[in-house]
Chemist: 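Could you have a look at this structure, given as structure tokens, before my questions?
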Protein chains: 2
Amino acid sequence: MTDNNQVFVREVGLRDGIQSLDTIATQDKIQWLKVESEAGVQAFEITSFVPAHVIPQFFDAQTMVEQGQLNPRLLLSALVLNEKGAMRALEAGVKNIVFVLSASATHSQKNARTTLENALAAVARLIEMVKQQPEPPHITGAIATSFGCTYEGHIESKTVLNIADRMAQAGVDHIALGDTVGFAGPRQVKNLFTQLHQLLGKLPVGAHFHDTRGMGMANVLAALEAGVRHFDASLGGLGGCPFAPGATGNIATEDLCFLLEEYGLQTGIDLEKLLEARRWLAHLLPDEPLQGALSRAGLPNIITH
Amino acid sequence: MTDNNQVFVREVGLRDGIQSLDTIATQDKIQWLKVESEAGVQAFEITSFVPAHVIPQFFDAQTMVEQGQLNPRLLLSALVLNEKGAMRALEAGVKNIVFVLSASATHSQKNARTTLENALAAVARLIEMVKQQPEPPHITGAIATSFGCTYEGHIESKTVLNIADRMAQAGVDHIALGDTVGFAGPRQVKNLFTQLHQLLGKLPVGAHFHDTRGMGMANVLAALEAGVRHFDASLGGLGGCPFAPGATGNIATEDLCFLLEEYGLQTGIDLEKLLEARRWLAHLLPDEPLQGALSRAGLPNIITH
């Protein structure tokens, strides 16, 4: 938990968002980074280091890291599912590696083709390895399907807390809980993050919500009240996990920022410019149904005539 | 506030929802009432007693009340904006009259062609009159634009609290706050309802949210945490006030019920049947863009193959 009123929004559209697309050109990704960073967004999950034959959208992972690093203000992270991916990310110079494992055994197999134990061991080895480096990268342990799984249904809180505890002991810098398939409701969110904070103390935790069943913003509020100050979102709510049936887009970055600002927190993001960036994205992807409500209504304004 | 886990959902689609439509046949309205009540919804705002030349959709107000009363399990309410409407509602046998006035002076003129003072006086006279009756109807005082107004911008909490206080002293049975144009965010909602409960003690209060900027479900959560247990919603999020530019539909009944049940409250509503009712509505109104996310994804379920 934090005493100040700062909150951190991480744009994951360039990773989670584009997984649902057939293809997107590197130049368009770079432009996306540019237009959204001009609205004040600093943190981007820029790519995923998974094999290109599995998710071809990330064929240009290394290029994206290089391009993103041209802007020193940006905080770039990249997703990995195993040590091989982590090695590629390190070689590319990624400063924040998000290692995703799953609370659900079945999702772990489908998404990363491994067991939870193997994934936890890989995280531990990665941390051992990077801490030898002069400037070790930041390692985030992200727990997918923390709130339920399309294959396994309800996921017990103690399962998630146990994974978080083991990753914290291994030395991760940050833990994030993902509602990969949009099963979470606000009561569950508040309970689980409250327990997580009690368990982890000052270790920062983040929330990654999908708006599959309309609970996205309520879940953000519940997480805020449990002290969470790091949130993932995708511009226009673009997204969906190809290996999690029923998954739809992330919460929309613009709706998230609107809520956070109203809540009295500072995102550092200009909402008008963020809506401009969304219009740019809608123009880039005319056939893609974007989500989010703020863009439809616009910021609250007053009619003077 | 209530100690038990019951929560009350009022379907307002047949009033607020259909205001945005060109026309809807009486038989279709009656069928809507039937299919949604079969899902367990008991409370309906069945019509509005406003002049038919102003909102022609309510030409059949009396018929709708009569038809609704054929099912003794239903709790029917009707909207009125003045004493003339209230008299018509009483003659039709309405047991729950929702008298709407506006916290915004400009919206009051546009919506009801009157001042706040005149509206408050009318509410007081109505209560004086009905309490002479052997079985007086229930009178709800509903405050439109409680969280902001497209014409006047921000509305001060003290304005809303003052109106609520005067209606409570006049003897209303229930007070509802409406976010007519979707300006509210969860912090404002929690603050205002907390103050309202402190002011009114045990007098029940309700919340009427529109999902204009995606804050609907977060606002519900904020209201729940402030002790609110009465919520308005419209099936498929149909709706919008024709005299409030920028207004869009109410929060979707199905998403609301999903949140409430996850929160541990009992709505008495069968979510699968409610989604069936929504499919019926979508079929009835093929050209109307319905809102709400639960219907898109369905209830959380598990893939067994």
Side-chain angles (χ1 to χ4, degrees), chain A residues 106 147-154 181-190 210-222 224-225 237 244-249 251-252 254-256 258-265 289 291-305, chain B residues 106 147-154 181-190 210-222 224-225 237 244-249 251-252 254-256 258-265 289 291-305:
Chain A
T106 313
F147 299 90
C149 170
T150 319
Y151 298 107
E152 301 200 354
H154 182 69
V181 292
F183 270 37
R187 188 173 62 159
Q188 186 188 11
V189 167
K190 193 166 183 179
H210 285 251
D211 197 30
T212 315
R213 291 173 180 84
M215 298 299 109
M217 289 301 115
N219 289 339
V220 168
L221 179 61
L224 280 170
E225 301 212 325
T248 61
I251 54 172
E254 60 276 19
D255 289 7
L256 170 66
F258 182 65
L259 186 151
L260 295 173
E261 293 280 343
E262 193 275 344
Y263 196 76
L265 299 171
Q291 306 295 328
L294 185 65
S295 60
R296 189 180 62 208
L299 290 167
N301 61 14
I302 302 165
I303 294 163
T304 49
H305 57 77
Chain B
T106 315
F147 299 90
C149 169
T150 320
Y151 299 108
E152 301 200 353
H154 182 68
V181 292
F183 270 37
R187 186 173 62 158
Q188 185 187 14
V189 166
K190 192 166 183 179
H210 284 252
D211 197 31
T212 314
R213 291 174 179 83
M215 298 298 110
M217 289 300 114
N219 288 340
V220 168
L221 179 61
L224 281 171
E225 302 213 325
T248 61
I251 54 172
E254 60 277 19
D255 289 7
L256 170 66
F258 182 65
L259 186 151
L260 295 173
E261 292 280 343
E262 193 276 343
Y263 195 76
L265 299 170
Q291 306 295 327
L294 184 64
S295 61
R296 191 181 61 208
L299 291 167
N301 60 15
I302 303 166
I303 293 162
T304 48
H305 59 78

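Note that the structure is a prediction, hence the values are computed from the model and not measured. Below, chain A is the first sequence line, B the second, and so on; all start at residue 1.
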Chemist: I'd like to know which of G216(B), G264(B), G148(B), S295(B) tops the heavy-atom pair count under 4.5 Å against chain A.
Modeler: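 Most heavy-atom pairs under 4.5 Å with chain A: G264(B).
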
Chemist: A252(A) versus chain B, heavy atoms under 4.5 Å apart: side chain, backbone, both or neither?
Modeler: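 Looking at A252(A), nothing touches chain B.
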
Chemist: Taking every heavy-atom pair that is under 4.5 Å apart, which of M215(B), M217(B), E254(B) has the most such pairs with chain A?
Modeler: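 Heavy-atom pair counts peak at M215(B).
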
Chemist: Which residue out of G214(B), G298(B), A184(B), G185(B) racks up the most heavy-atom pairs below 4.5 Å with chain A?
Modeler: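 The residue among G214(B), G298(B), A184(B), G185(B) with the greatest pair count is G185(B).
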
Chemist: What's the spacing between L265(A) CG and R187(B) CZ if we round to 0.5 Å?
Modeler: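 The distance works out to 8.5 Å.
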
Chemist: Do K190(B) and E225(A) meet the salt-bridge criterion of a basic N to acidic O distance under 4.0 Å?
Modeler: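 The answer is yes: the pair qualifies as a salt bridge.
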
Chemist: Minimum heavy-atom separation for P186(B) and L221(A), please, with both atom names.
Modeler: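 Closest approach of P186(B) to L221(A), heavy atoms only: CB-CD2, 3.6 Å.
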
Chemist: Side chain to side chain contact (heavy atoms under 4.5 Å, CB included), that's the test. Do R213(A) and E262(B) meet it? Break it down for me.
Modeler: CA-CA 12 Å; R213(A) 291 173 180 84; E262(B) 193 276 343; over 6 Å; no

Chemist: Measure N219(A) against the heavy atoms of chain B and call it side chain, backbone, both or neither at under 4.5 Å.
Modeler: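 Neither part; nothing is under 4.5 Å.
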
Chemist: If I measure from the heavy atoms of chain B, does Q188(A) come under 4.5 Å with its side chain, its backbone, both, or neither?
Modeler: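 Both parts, backbone and side chain.
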
Chemist: For L299(A), which atoms come within 4.5 Å of any heavy atom of chain B: side chain, backbone, both, or neither?
Modeler: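 For L299(A), the backbone is the part near chain B, not the side chain.
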
